[in-house]
Amino acid sequence: MSTTATPNGFGLDDSGRRVIIDPVTRIEGHLRLEVNVDADNVVRNAISAGTMWRGLEVILQGRDPRDAWAFVQRICGVCTGTHALASVRAVEDALRIPIPQNANLIRNIMQLTLYVHDHLVHFYHLHALDWVDVLSALKADPAATSVLAQSISSWPKSSPGYFKDMRDRLAAFVGSGQLGPFRNGYWGHPAYKLPPEANLLAVAHYIEALDFQREIVKIHAILGGKNPHPHWLVGGVPSAINVHNSGAVGALNIERLNMIAEIARKARDFIAQVYVPDLLLIAAHYKEWTQWGAGLSPRNLMSYGEFPRLANDVSAANFGLPRGVILGGDLTRLHEVDLHDPSQIQEFVTHSWYKYPSENQGLHPWDGVTECDFRVGAKGRIENERLLRLDESAKYSYCKAPRYRGEAVEVGPLARLVIGYAAGRTDIKDLVDGALRKLEIPLSALFSTLGRTAARGLEAQWCADRLVAAVEELVANIRNGDVNTANADKWEPSTWPAAAKGAGFAEAPRGALGHWIVIEKGRIANYQCVVPTTWNASPRDPQGNIGSMEASLLGLPMSDPARPLEVLRVIHSFDPCLACATHLYGPDGQSIARVEVV
Ligand code: NFE
Ligand code: MG
């Protein structure tokens, strides 16, 4: 085989068989993967393509900046609220609007709740079935499952009777021929390694987690009115506090605060006693997965930082999860990241279905353009509006290619924990080192499919602990007499400058999220979102450098390319969300642009 080397050092070979997976399921949004496999079924070329157009940036033009959050959070219902957070921060940055400390605490509680919910749903409902063979669970011995469960956790639902009921329910489900959520799995695939009892335990917790995820989002409903898509506010949060009148409609009172505290404690217990023990149990059976899915090499990782302790302070020390960039795997040096610096973050569209004024020149998001340009290259094929093959030498994705100082970077829980580790945060170091010790794997093994999945679970634990603490802090602040939740000083557009620019950062569950806004005469003149999955699912840039999801697939051995379970494991470990990364189909899924093959 003839291999071409990319500038970032990956050998790509486009001969061999082309395997196409479209759509990838158990993700949010629409992702297409094309990989070439050699005669030994090892992946030698990888293409990740966002196949939707969103265009919310276009819808926002000319609107009131104070309304932007309500539009942009509709980008996605999974990382719900996080786009709204980035949006209100962008407007506050542009107009120099400080927020009260209660608003900072409530925003942190909203975001911590989101992380716990989102990571939990990802592990059990989007990723677990890549590792757990549901049909094998039918062969489990309930008594042995009970012994296994009690050996790893003190979670009370662990009796032989409980697991027998669970197995019987599953058997009835399977016997009915309607597998429901378990349909179309690759059951019996040789890559499944768990004993039947571990499979039954995981299936039981899949069901329990479905119930629990409904519980935790009540925090969003109390503080933000509903979930998904809770309410936000430029200048603070829309949650009025009234501890003296428990009958005040909609106000945050002692009873509501107690309820939030109670749910937070339950979340901490569920993560500590169910999610993390299950994660470690499953990981121990799949340690060979520390060899695959490493992603970018050398490692480039980025985090914008999240969970500011004090309001209106973006200094490194103020973030619970620190801000920074690691380049070339050098953990001894954290580079700064500044969303205002036009030379740091740019997006490229050479291989994306967008048109820029100059095809190979990157644009900082303040100057970003969202103009559709759908066409496939000479090797691409479309028949009857069905995309049969992409041409990666041409345009091939609705994801743009974002770069930090020209480099592709990985974002997400793995990046955040490694950056926290490199920054010397002892809470993060203890958490990571403890898990590495239990799994008997080195720090370097984190750069893998298994490491990425483990990092998400550990981060969920960190967040659940912080959630309990953040609620206590809020109660203490209120007890001290501070009931302010919003700053209305600059509410009137007449108080704004004629022109202003801002950048709003957030760490979304899947990684670094930035919103850039340009305000002119009180209206939005330009708005751009660069989201976590755009970083991870990035297509090639003008130099031919590939992104982290594409890189993570190279060298991956598959046992049966027609049942690409291994590819799903690698890709699901990023928890991709193409809805965030890109855009929307027309109502019937028809293509919205006229397609010509050139
Ligand atoms: Ni739709 Fe999102 C997150 C954002 S994208 S899920 O987390 O922002 O990758
Ligand atoms: Mg964008």
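Both counts, for ligands and for their atoms, begin at 1 and track the order of listing.
Considering both main-chain and side-chain atoms, Glu28 never comes within under 3.5 Å of ligand 1 through any nitrogen or oxygen pair. Any N or O atom pair closer than 3.5 Å counts here, and Arg510 shares at least one such pair with ligand 1.
Under 4.0 Å is where a charged nitrogen must lie from a carboxylate oxygen, and between Glu306 and Arg89 at least one such pair does. No salt bridge links Asp427 with Arg425; every basic N to acidic carboxylate O contact stays at or beyond 4.0 Å. Between Glu410 and Arg299, none of the side-chain N atoms (NZ, or NE/NH1/NH2) sits under 4.0 Å from a carboxylate O, so this pair counts as no salt bridge. Under a 4.0 Å N-O distance rule, the pair Glu336/Arg405 qualifies as a salt bridge.
Atoms of ligand 1 lying under 4.0 Å from at least one heavy atom of Pro509, given by number and element, are 7 (O). Distances below 4.0 Å separate heavy atoms of Cys76 from the following atoms of ligand 1: 1 (Ni), 6 (S). Of all atoms in ligand 1, numbered sequentially from 1 with element shown, those under 4.0 Å from a heavy atom of Cys577 are 1 (Ni), 5 (S), 6 (S). The Leu513 neighbourhood of ligand 1 comprises atoms 8 (O), with distances under 4.0 Å to a heavy atom of that residue. The contact set between ligand 1 and Ala508, taken as ligand atoms under 4.0 Å from a residue heavy atom, comprises 3 (C), 4 (C), 7 (O), 8 (O). Within ligand 1, the atoms closer than 4.0 Å to a non-hydrogen atom of Pro532 are 4 (C), 5 (S), 8 (O), 9 (O), numbered from 1 in the order shown. Applying the 4.0 Å criterion to heavy atoms of His83 picks out, from ligand 1, the atoms 4 (C), 8 (O).
Ring geometry for His364 against Trp516 counts as perpendicular: the plane angle is over 60°, on a 0 to 90° scale with 30° as the lower cut. Ring orientation note: the planes of Tyr354 and Tyr398 are nearly perpendicular, at an angle over 60° on the 30°/60° scale.
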Trace of the side chain to side chain donor-acceptor pair (under 3.5 Å) decision for His127 with Asp130: CA-CA 6 Å; His127 198 24; Asp130 299 340; 2.9 Å; yes
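Within the 4.5 Å cutoff, the side chain of Phe574 has heavy atoms near those of the Ser548 side chain.
The single protein non-hydrogen atom nearest to atom 9 (O) of ligand 1 is Thr533 OG1, 2.5 Å, given as residue, atom name and distance.
Cys580 lies close to atom 2 (Fe) of ligand 1, since one of its N, O or S atoms is found at a distance under 2.8 Å.
The option with the heavy atom closest to atom 3 (C) of ligand 1, from among Gly412, Cys79, Ala506, is Cys79.
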